[in-house]
Amino acid sequence: QYLVIYEPAEDGGWGAYLPDIDGVIAIGSTRDEVEVGIRGALQMYIEDLQERGETPPEPRNVAGYVAA
């Protein structure tokens, strides 16, 4: 499982990216839409690597929360 960062945009939309994999991103009008998009982007990335005989990178990043 890869860490996904979801960020709200100033225009009300959303963006998402994977810190472990450069270039795998998604944008959308809603968080739900961008979640579907990032799953699809990751799937396409992994399929492309497999077609070339390469292995996806191991997930490294984790997230947590700390109270202020």
Side-chain angles (χ1 to χ4, degrees):
Q1 291 187 350
Y2 291 96
L3 174 66
V4 178
I5 304 297
Y6 296 97
E7 296 182 332
E10 290 182 18
D11 67 0
W14 283 84
Y17 67 95
L18 304 171
D20 290 322
I21 304 175
D22 289 337
V24 176
I25 63 166
I27 57 171
S29 299
T30 66
R31 189 185 176 290
D32 288 341
E33 185 179 302
V34 84
E35 186 171 346
V36 170
I38 198 72
R39 286 179 191 273
L42 177 59
Q43 183 177 348
M44 286 190 300
Y45 172 80
I46 290 174
E47 288 172 0
D48 182 56
L49 286 179
Q50 290 172 337
E51 287 175 6
R52 294 183 297 174
E54 298 178 27
T55 304
E58 290 294 320
R60 300 182 330 244
N61 289 290
V62 296
Y65 292 91
V66 61

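Positions are given from 1, in the same order as the sequence printed here. Since this is a predicted model, take the numbers as computed values, not measurements.
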Report summary line: Going by chain and number, the hydrophobic cluster around Tyr65 (ILVMFWY, side chain to side chain under 4.5 Å) further includes none
Requested in this report: Please collect all salt bridge (Lys or Arg N to Asp or Glu O under 4.0 Å) contacts where either partner lies in residues 10-31, sequence neighbours excluded, each pair once.
Outcome: Arg31-Glu35
Query raised in the report: Hydrophobic clusters join Ile, Leu, Val, Met, Phe, Trp and Tyr when side-chain heavy atoms are under 4.5 Å apart, directly or via other members; which others share one with Val36?
Result: none
Requested in this report: Determine whether more than 12 heavy atoms belonging to other residues, nucleotides or ligands lie under 6.0 Å from atom CD1 of Ile27.
Outcome: no
Report summary line: Those residues at least two apart in sequence (or on a different chain) that pass side chain to side chain contact (heavy atoms under 4.5 Å, CB included) with Ile5 are Leu3, Glu7, Tyr17, Pro19
Requested in this report: For Ala16, check side chain to side chain contact (heavy atoms under 4.5 Å, CB included) against everything at least two apart and list the hits.
Outcome: Val4, Tyr6, Val34, Ile38
Requested in this report: Could you check Met44, Gln50, Gln43 and say which one makes a side chain to side chain contact (heavy atoms under 4.5 Å, CB included) with Ile46?
Outcome: Gln50
Query raised in the report: From Ile21 CD1 over to Tyr2 OH, what is the distance, rounded to the nearest 0.5 angstrom?
Result: 4.5 Å
**Report entry** Nearest atoms (heavy-atom pairs only) where Gly28 meets Glu33
**Finding:** CA-OE2, 3.2 Å
Query raised in the report: For the residue pair Gly37 and Ala26, what are the closest heavy atoms and their distance?
Result: C-CB, 3.6 Å
Query - salt bridge (Lys or Arg N to Asp or Glu O under 4.0 Å) involving Arg52 - partner list, sequence neighbours excluded - result: Asp48, Glu54
Report task. Could you tell me whether Glu47 atom CD has more than 12 heavy atoms of other residues or ligands within 6.0 Å of it? Result -> yes
Report task. Might you point out which heavy atoms bring Tyr45 and Pro57 nearest each other, and give the distance in Å? Result -> OH-CD, 3.8 Å
